[in-house]
Structures are given as structure tokens and as C-alpha cells.
Amino acid sequence: MMQIEVLKSKIHRVKVTEANLNYIGSITIDSTLMKAAGIIPGERVYIVDNNNGERFDTYAIEGPADSGMICLNGAAARKVHPGDIVIIMAYAMMPLDEAREFRPSVIFPDSETNRLV
């Protein structure tokens, strides 16, 4: 049976709060945002930086709830700057028939505070 990759989760337009080069890797995301978007710790996520056009992937780790934290860690810290606006996406593989009916979880936090509105 054919499987295709479709958008599963999206956190649309949040502000980078930190870039920590001295960390193993990943993106730290406010756990409230992760839960609302259906992203789990360790899940592969794709990041798009609206300010500079960078596109890359890493894995998600939970930050403190309701903190607004969006921190790129390790090598990914070189691709963003605090204050940049990013989009965070996760994809899933599923059968074509299921994909036709599937609706992704998309959230639109306030891009100044990174909190749900």
C-alpha cells in the first residue's frame, strides 16, 4: 500500500527567544505549544526562518510550560537569531486514503509572546 508524507503539526510564526550554540542539538519549544500542536519530545521537526530563508530539521525537546521559549540549540543556533520569526512543522507517513481525510493540527500563537491566543 502506498504511503505519503503529509503535514501533521504546525506552529505558525513564533519568535526565536534564544540560540544556544553550546548544546548537543535540537529545538526547545514551550511544552504548552508542543501539546497544542501535537508534537512530542524527540519528534523530528522542520524549521523555516521567515527572516533569512533558512530551512532545516532537528528534533523537539520540551521547554517550560507557558514560557514562550523557542530556543535553537547546537549547530541550528547558527541558522537563526533571537527575534527571528520561524514556523515549526512535523510530518507523518500514512496511507494515501487516510491522508486524503487527515487534517493537521495547526496553531497560531501570538508571535510577540509565543503564547496561545
Donor-acceptor pair, distance only, cut-off 3.5 Å: does the side chain of S31 make one with the backbone of E62? no
What is the distance from atom CD1 of I40 to atom NZ of K35, rounded to the nearest 0.5 Å? 12.0 Å
Only pairs at least two apart or in different chains count here, so list each side chain to side chain donor-acceptor pair (under 3.5 Å) that has a residue in [range].
| range | result |
| --- | --- |
| residues 70-89 | S26-N73, T28-N73, E54-K79 |
| residues 100-110 | D97-R100, D110-T113 |
| residues 13-23 | K15-E112 |

Remaining members of the apolar cluster that contains V16, side-chain heavy atoms under 4.5 Å: I11, V14, I27, I29, L33, M34, I39, V45, I47, F56, I70, L72, V80, V86, I88, I107, L116
Tracing side-chain links under 4.5 Å among I, L, V, M, F, W and Y, which residues wind up in one group with M93? none
Can you name the salt bridge (charged side-chain N to carboxylate O under 4.0 Å, His left out) partners of D66, sequence neighbours left out? none
I'd like to check the salt bridge (charged side-chain N to carboxylate O under 4.0 Å, His left out) partners of E43; sequence neighbours left out, ordered by chain and number. K8
Sequence-distant partners of [X], side chain to side chain contact (heavy atoms under 4.5 Å, CB included), two or more places apart:
| X | result |
| --- | --- |
| P82 | A19 |
| A75 | none |
| M1 | P95 |

With a 4.5 Å limit on heavy-atom distance, are the side chains of P104 and K10 in contact? no
What residues form a side chain to side chain donor-acceptor pair (under 3.5 Å) with D30, not counting sequence neighbours? T32
ring-ring contact (aromatic ring centres under 6.0 Å, His included) pairs, two or more places apart, involving residues 87-110: H12-F108, Y46-Y91
